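First up is the structure itself, then whatever we jot down about it.
Convention: sequence-line order gives letters A, B, ...; per-chain numbering from 1. None of these values were measured; they are calculated from a predicted model.
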Amino acid sequence: MTMRNETKQSGNPISEEELMNSDIKKLNRRDFIKAAAATGTAAVLAVSLTPTLKALAANNQITSPADEIGKWKPTTCQGCTSWCSKEVLVVDGRAIKVRGNANSKVNGPASCPRAHMALQQVYDPDRIKTPMKRTNPKKGRNEDPGFIPISWDEALNTVADKIMELRNNQETYKYMLMRGRYSYMRDIIYDRMTKIIGSPNNISHSAICAEAEKFGPYYTEGEWTYRQYDVLNANYILCWGADPISANRQVSYYLSAWGDASDRATIAVIDPRLSASASKADEWLPIKPGEDGALASAMAHVILVEGLWYKDFVGDFTDGINKFVAGQNVNESDFEEIYTHGLVKWWNIELKDKTPEWAAGKTGLPVDQIKRVAIGYGKAAPHAISWVGGGPVMQVRGAYASMACHALNGLVGAVDNIGGTLKANKEYTQSFPGVDDYLDDIAKEGKSHKKIDHRGRLEFPALNQKSGGGVVTNNAADGILNEDPNEIKVAIGYMNNHAFSCPQDERWFRALSKIPFVVHLTTNASEFTWFSDIVLPSTHHMFEKWGYVKVHGNGYRHVTLNQPVIDPVWDVRTDETEIPWLIAEKLADRGFDNLLRHYKSYIDPETGKEPTNGQEFALYALKHATHKLWDPEEYQAGDKFNGWEDFRSTGVWNSAPYPFKKRWGAMKTDTEKFEFYSETLKRVLGEHAEKHETTTDEVLSVCNYQARGEKAFVPHYEEPFTHGDSGDLVLVDYKSRLNREGRSANCSWYHEFKDLDPGDESWDDVAKINPIDGKKLGIENGDRIKLVSPTGELECTAKLWEGTRPGTVAKCYGQGHWVYGKVAAKEFGIIPRGGNNNSIIPADYDRLSGSTAYYGVVKVKVEKV
Amino acid sequence: MSKIVSRNVNRRDFLKLGGIGIAAAIVPTLISQQSKASSPLAGKNLAMVIDLHRCVGCGSCSIVCKNENNVDGDVFWSSRISKTTGRFPNVRFEYITTLCNHCEKAPCVRACPTKAMHKGDGGITKHDPDKCIGCRYCIAACPYGVIHFNAGKSHEFWRDDKPLIEGATPSAREVTQAVNGKVIPYYNPARELDKPGTGLRKRGIVEKCTFCDHRVSKGQLPYCVEACPTNARIFGDLNDPNSEVSRILGKFHGMRLKEELGTEPKVLYVRTYSTGTHPKTKGSV
Amino acid sequence: MTENKTFNSRFIVWMVILLAGLGLGIWGVVTTFLSGLQTWGIGDEVPWGIVTASYVFFVAASAGCITVSLGHALGIKGFDLIIKRGVFLAIITMIAGGLLIVMHVGNPVNLWRLITAPNFGSPLGWLVIFYLLYLILLIIDFYLIHKKDFVKARIFGILAPLSAITVHSTLGSVFGFASVRHYYGGAFAPVYFIVIAVVIGTALLLFVTNLHYKFNSKSMSSEMRSVIVSLGKFLGIAIGVLAIFVIWKNLTGLSNPDPSTVKAYQYMLAGPGAWWYWILAIGLGLLAPLILIINRNTRTPNGIMLASGLSIIGMLAARFDFTIGGQVIPIFEDLQHIQQPWADYAATFTEVSIVVLAFSLTALLYTWGSRKLALEEVAEHV
C-alpha cells in the first residue's frame, strides 16, 4: 500500500509569516561583520539566507498519490478459480495495471502472478475482433478453416437458422451447449436457453476441473463443494497434491498467508514432484502416484492406535481405554460417537491392517516419515487441516482417495473448526427467473431425452448427490462419435476448448468434425475453434463483461463483480448474456419468441424496466441476481450497501464471518453426522444400482473399483489403475502458477517466466525426469524427446531433475497449443509450441464422481527424437 | 594583487571585499545544498529488505516491474536466481528474487564515463538517458547482471503489423493504435512523469531498475514492493533507525549478494527460503 | 629515394580491394546507424564483441608503433630509417581506432560529454582525454619529422611514446577495473596491455615495411635489412615476454577458486573457445612467429615478414578471445534470465564489415601517406 505522503520538509518548519518577516535586508552590515568575525561566516549566512531559499523549496512539494494518473476500477479475475476481486488501473480508457481489491475480505490487496497476464490477454493481437465463418467445408486437425470475417448480423442469422431447423424438425435434443469459463450469469445461456430451445444437452466442464475433490467431502460431511482452509490458525497442514501457492483455489490469499502459516504450523506436502508448496514446507512426501489412499488409511490407523483422535468431535471408548490395536477388530458398542458415524466400522473394514509399514511398501515413503507425519498431524488436533487437492483424486479410482484423505479432518475434529477445513459462507445471490412458463411442447419433449455424456448410466454413476447428478464432460465426445443416444447437429461452445483441455484430444477433433454445425464463442482461435463453423468473438471476463462469481477463503465468502472497466477493444459481445439475447432476438424474428420473452422478464430491480438490448439485459440480469446484496431493503447479512452503485463501485460483497462448528451434528448427510461409514453413499450407490436393476458390487465392478461389499462405503485404499503397463514412467501432470486455465500460452510473460514453476524452464516445455531414470533410459539434459502413451504422443524437451520421483515423469499442463495465437503455437495451425499433456492421457474416468482422470492414469514410454 | 597592497585599504573596504569573497564561495554551495534539501528523498539512504521466509517464488514482483516500467520482452529489471539442490528425496528448491542492488559503492557509477549512471537522491543508483553514450561499461562492471542495453528499438513484438487471420484479428501495432497506447497497449505513462521520454528507453542506451524513483519521489513504494502478495519486500530508509527496514535488520542478519566484492548492496535478504524444521537428531558417525 | 608513383596493375588491384573493403565497411556503418546494435551479435551478457576487440587491437598497434620512436630517441642505430613510417602508422591506426570506438558505443551523439564533463573516477573518463592528447602529440611529432626539425621532433619522440603508454595502460585498466570479470586480470591488465601493444605495434611496423618494399618491388639496403632483423629480434623478445605473461595468466586463472573464473579459462583452453585460442592466438600469435624468429635460417626479412604477418592475425584473434573470455561465462550461476553455462556470442556480418572497414581505412590512409608523405625519409638522430 502507499506510504503516507509527507507535506512538510523534515527539519525546521517555517510558516509563510515567518518567511515574510525574516528579511535579509533587516540584517545590517554591522551585524553581518560582527557575526562573520565571531562565529564564522558560513553559519551566519546559512541562518540568514535559509528562509529565502526554503521559500523556493516550497515549490518542490511531494505530490500525493491522489495525483496518480488514471483510476482504479473494480472487477474480477478468472485466471484460475480463485476468482479474486481485483482493481484495474484505467488511464485514458486503457487498462494499465492489475491489483487485488482491498475491499475483499477473501483476497485483500494480494494478487498472484497470473493476474497480470490478463493485460496481455485483453490486448492480445491474436484476439478475434469480428465474427468469422468457415469457408473450408472439410474439418480436421490439418484443415485450415479458411475463416473470413462476417457481420454479427450474418453470423447470428446463421445460428438462428440452424436452431430453427432443429425446432422445425422436432430434433431440438440434437442441440448441445458446452460451457467453459463461466460466471454466474451462466444459467442464462447454459440452462435457460438450452431448456427453452428444448435440449437436455447442457454440458458443463466441471468434470475436467476437480469434481472428485468434492466427492470425499460430500460423502463424509454432506458438502459437494470446494473447501476453504483456516491456515492461519492451524498447527498442521497436510496438502494432498494441493499446491496452494501456485494453483488450486484462492492462490492470492494463500500466498499472503503462507509465510505466517508456516511460522505456526507444520506443513507436509504429499506430491510425487517437488512442487512450489513442497519447497516451502516442513515435509515433502514424494509419494508414488495413486497411492494416496494407502497413506491416508495408514495415517488414520496411526491416529487411532495412538489415541490421537479428537474426542470432543468423534467421541471415545466408553471406558476410556483405547482398543484400537493393529490387526484387531473392535466392538462397535464399545465406542460412543458424538458427531461422527461409523468410526469402528471403518476401523474393522479397512483401517485395522493398514499399518505404516504396509503403507511404506505401497507409497514408497519411509516408515518413519509416515509415522512422524501421522503423529504430528494427530497431535495438532483439532487445528489440523487435511487439504484434498486434485492430484490424488482426479484418478481412475480417485473417489475413495478423496474420502480417505478428507476423512482425516473428521478424525481430528478439524471439520468446521478453527484452524480446520471449512465450507463456503452463506451468500444471498438469487437465481434468474424460472423457465417453466416458456417451455413449449417441443422443448418439453426434447428436454426429456437422455444426455449426450451418459451420466447416470450404469458405467457412469456421476454421483453428485444422486445418480447422474454430475457431468461426465469428456465422455460427451464418445456420445457424439457414437451418436449415442443420438447425433448432435448443432453445438455451441462458449469459452471452452475441449479439443485441448480434454484427455485424448483427438477424439474431440473427430467428434467436432462430425457435428455439422459448431459455433464457438471465444476470444482467440483455439483448437475448438479450428473445427467451428461460426465464430463469435466474446468479451474478456475481466475487462469487458458484466457478471459475478463467488468464492471463499480467509473465513469469508465474497461475491465479486466482473465489470466492463474499458470499452470493448473490438466488436465483441458477452458470451453469457449479450449473445443469448441477440440469438433470442433472431429466433423471435423467425417466429419463436419464447426465449426473448423469457429474457425480457429480467427487469431492472431499481427501475422495473424491461431490457431492450443485450447490454441492458446483461446489467439488469446482474442486478437481479445480486439484488439482496446491494439493496438495503433486502439486506440479509455481511456487507451492507446503499444501493447498486455503492456495491458496484466497491466491486465486492463480503459475507458474515464464518460460523465455526455450526454444522457439528447438523450435516447434510443421511445421519446428520460426519460419516466414516457413509450411509449417504450407501444409499445413493444403492439407488444407482437399483435404477439399473443390479447390485452395488456390480456397479463397482463395471466402474473399475476394487471395493466390494461394505468396503464400498468407507474411505479405503484402492490400487491405482494405470494405462500403459509397458511404459517407462508414470506421467505426473500438474498446473502452472502462471496458467490462466489453458489460455495464457499466448502471453509472452508466461514463457519469459515459466521457470517460476520449480524445475521448469523459460520458453520451453520440459518433461522432468529423475537423473536415475535418465541414466537408465539413456536420456540427457536437453534432449528432444517424445512421450508415447497407448493413446497418443507428444514432443518436448527432457530435463533431469532431482525433484522428480524416480519412476515418474513430471510435466506441466498448459503448452502444446497448435493454434490459439502466434506465441502459443510455434507455427500457427501446424506446429505446437511444446506438447499438450492431453495428447498422451487416455480418456478414462473416476466414474463415481464422473471426473476425468488426469493423474496416475498413464505410463509413458520415453523416446529420443 | 600588488595594486591592492599598495593602496591604502581601510577596514571597511577590506571587510566588504572579504565578505563578498566569502559569500561568493559559500552561496553556491548553500544553493546546491538547498536544492538537495528540497528533494523529498534528501538525506535518505533507501534500501530494500527481502524476507525469504515469506517469499514463495511467485514472481509477481518481476512481472509487475515489467508492467510498471514498460520493460521490453525477455528483459528483466527484476529477476530471480533459482536452484535445485540435493539428491532425491532430500532435495530443496530455492529461489531468490534479484534486482539492482543500488550499491553504495556502485561499480557501474564508478565505471560510467559520462556520469549518466550516478547516485541520486535517496541513495538510488539512477541513470540519466540524456548523458548515456551506450558504451556498456556499466554492464561490464556490474557484478549482478542487472543492466540491459537497448541494442534495437524496444518492443519489436508490438511493432509488428501482420495479423494472424486477415481481416479477423488485428496486428500488434493495430492493437496499440486502437487504444491509443504508446508502442505497447498497456503503456504506463506514470513512468515518464519525472522525465518525459523515459517511459520507454530509446535505442542505444542502457536501462535498469531505478527503485521506481518516479513513484518513490512521490511518496509511493516501488511497485514490486506494493504488489508483492506475501509482503516479502520491505522498503525504507537505512538512515532512519526506526524505519521498518532498520528494525528488521536489527533483528535479522541481512545477507547481501556477493558481499565479498565490497559493493555495499542495499538489497538485503533476511531469513531463509526453505521453511520449517527437521527432526531432532545428533546424527551418526 | 622517391617512391614509385606509377599506377601499375598491382596497385589497381590493391586499390580495388581496399575500396571494396571500404564500401563494405560503409554499408556496415550505415546498417548499424539505421537499425542499431541489434544487427550485431552483442547483448547484455556479451556487451563487448569483435568491434571492441578490434578497437583494442588498433590502439595497441598505435601504441606499439610509437614505442619504436622511443628507440629512435634513445639513439638506437637504424631506427632513423623506419621512424617516419612508424609514426605515420601510429597516427592512422589511432584514427581507425577512433572510428571503431564511435561505432562501438550505442549512442555516439553524447560522446562530446567525455571531453566536457567526464567522470574522472572511471578509466574511460580519462581515456578520451589521453587519447586526444596522444593523437595531438603524434601529429606534431610527425609534422616535425616531415619538416625535418629533428631537434624538436626528438622531444615529441619521447613524449609521444610516454603518452602511448598512458593511453594503452589506461585502456588496459578499463578491463582491469571491471574486477568482477577476473579473466581480464584486474591489476595485471594495464601492464599486460603494454606488452601486447609492443608486440602488435612492432609486428605491424615490420610487416608494413616489408610489404611496402615487396609491393613496390624495391630492394632493401643492407642497413634497412639489418634494422629489420634487429627489430625482428626485438619482436621475438617481446613475444617471448608476452608468452611468459600468457602462460602465467592461464595458470593463475585455472587455479582461481572462483568457479566462473576457472570456467572462463576452461572455455578458452579446452571448451568452445579452444580452437580459436590454440590455433590462432597461441599458434599464429605466439608460437609460429617465435619459431620463425629464433631460427636463424628464417630470421630474414622474408621470414620476419611472415612472422609479423602471422603475429598480426594471431594477435587480432587473441584480442577477440580476451574480450569474449571475460564475458562468456555468467557472473551469476542460476540467474534465470542469463544463458547457462555460457553465453552465445557469434559476430554478425555487420560487425565483421566494420572491422574490415577499420583495416581498409588504415590501408588506404597508409597508401596515400606512402605516396604523398615520403615515409621512407630518414629521421636523423639528434
Side-chain angles (χ1 to χ4, degrees), chain B residues 59 62 74-76 78-85 94-98 107-118 128-154 156 202-206 208 257-258 260-263, chain C residues 32-49 52 101-102 104-129 174-175 177-181 184 258 260 323 326-327 330-338 343:
Chain B
S62 301
D74 288 311
V75 177
F76 305 90
S78 166
S79 189
R80 59 269 174 220
I81 295 170
S82 52
K83 199 168 172 177
T84 306
T85 315
E94 285 169 291
Y95 174 99
I96 279 193
T97 174
T98 61
C108 62
V109 169
R110 192 187 52 179
C112 181
T114 59
K115 298 184 207 158
M117 207 61 97
H118 61 283
D128 185 348
D130 292 340
K131 291 186 179 166
C132 183
I133 60 172
C135 70
R136 311 181 295 285
Y137 195 19
C138 51
I139 299 180
C142 172
Y144 304 108
V146 298
I147 306 176
H148 165 70
F149 172 68
N150 288 285
K153 274 205 230 171
S154 59
E156 280 298 312
K202 66 174 194 195
R203 195 224 308 166
I205 61 172
V206 300
K208 68 168 188 71
L257 293 171
K258 304 206 181 189
E260 68 281 6
L261 294 180
T263 50
Chain C
T32 305
F33 280 135
L34 284 182
S35 306
L37 270 63
Q38 63 182 331
T39 53
W40 294 14
I42 55 118
D44 291 344
E45 289 157 63
V46 183
W48 292 344
T52 319
I101 207 60
V102 169
H104 152 85
V105 299
N107 197 27
V109 294
N110 278 340
L111 276 172
W112 56 272
R113 290 179 188 273
L114 287 173
I115 303 165
T116 55
N119 174 13
F120 286 125
S122 165
L124 264 185
W126 287 101
L127 193 63
V128 171
I129 292 170
V174 167
F175 289 84
F177 270 44
S179 51
V180 69
R181 300 183 185 273
Y184 292 151
D258 172 42
S260 60
T323 307
Q327 301 167 86
I331 45 180
F332 239 145
E333 268 190 14
D334 311 309
L335 182 57
Q336 277 298 328
H337 68 270
I338 276 181

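Panel note: side chain C:D44, backbone B:H148; no donor-acceptor pair is recorded below 3.5 Å. Panel note: side chain C:N119, backbone B:H118; no donor-acceptor pair is recorded below 3.5 Å. C:N107 places no side-chain N or O within donor-acceptor distance of the main-chain N or O of B:I205, the cut-off being under 3.5 Å. A distance-only check finds no donor-acceptor pair linking the side chain of C:R113 to the backbone of B:T114 [under 3.5 Å].
Of the two parts of C:I115, neither the backbone nor the side chain holds a non-hydrogen atom closer than 4.5 Å to a non-hydrogen atom of chain B. Heavy-atom distances place both the backbone and the side chain of C:V105 under 4.5 Å from chain B. Proximity to chain C is limited to the backbone of B:V109, based on heavy atoms less than 4.5 angstrom apart. Only the backbone of C:T32 has a heavy atom closer than 4.5 Å to any heavy atom of chain B. Heavy-atom distances place both the backbone and the side chain of B:I139 under 4.5 Å from chain C. Heavy atoms closer than 4.5 Å to chain B are found in both the backbone and the side chain of C:Q336.
Most heavy-atom pairs under 4.5 Å with chain C: of the set B:S79, B:S82, B:P107, B:A116, this distinction falls to B:S82. Contact count against chain B (heavy-atom pairs under 4.5 Å) is highest for C:V174 among C:V174, C:L127, C:I338, C:T39. For the set B:A140, B:G145, B:C142, the entry with the most heavy-atom pairs within less than 4.5 Å of chain C is B:A140.
Separating the CZ atom in B:R203 from the CZ atom in C:F33 is a distance of 9.5 Å, to the nearest 0.5 Å. Here CD1 of C:I42 is found 4.0 Å from CZ of B:R136. Values are rounded to the nearest 0.5 Å.
Closest approach of C:S122 to B:C112, counting heavy atoms only: CB-O, 4.1 Å. Looking at every heavy atom in both residues, C:L124 comes nearest to B:Y137 through CD1-CD2, 3.3 Å. Annotation for C:L335 and B:R80: closest pair CD1-O, 3.5 Å, computed over non-hydrogen atoms. Smallest separation of non-hydrogen atoms from B:P129 and C:N110: O-ND2, 4.1 Å. Taking both residues in full, the closest heavy atoms of C:F332 and B:L257 are given as CZ-CD1, 3.9 Å, listed atom of the first, atom of the second, then distance. When every heavy atom of B:K258 is checked against every heavy atom of C:I331, the shortest pair comes out as NZ-O, 2.6 Å.
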**OP:** Would you please test C:D258 and B:E260 for side-chain contact (heavy atoms from CB on, under 4.5 Å) and show each step?
**Re:** CA-CA 12 Å; C:D258 172 42; B:E260 68 281 6; over 6 Å; no
**OP:** Go through the steps to decide whether C:Q38 and B:K153 satisfy the test side-chain contact (heavy atoms from CB on, under 4.5 Å), and finish with yes or no.
**Re:** CA-CA 9 Å; C:Q38 63 182 331; B:K153 274 205 230 171; 5.6 Å; no
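In this structure, the side chains of B:I133 and C:L114 come closer than 4.5 Å at one or more pairs of heavy atoms. Proximity of C:V128 to B:P113: side-chain heavy atoms (C-beta onward) are nowhere separated by under 4.5 Å.
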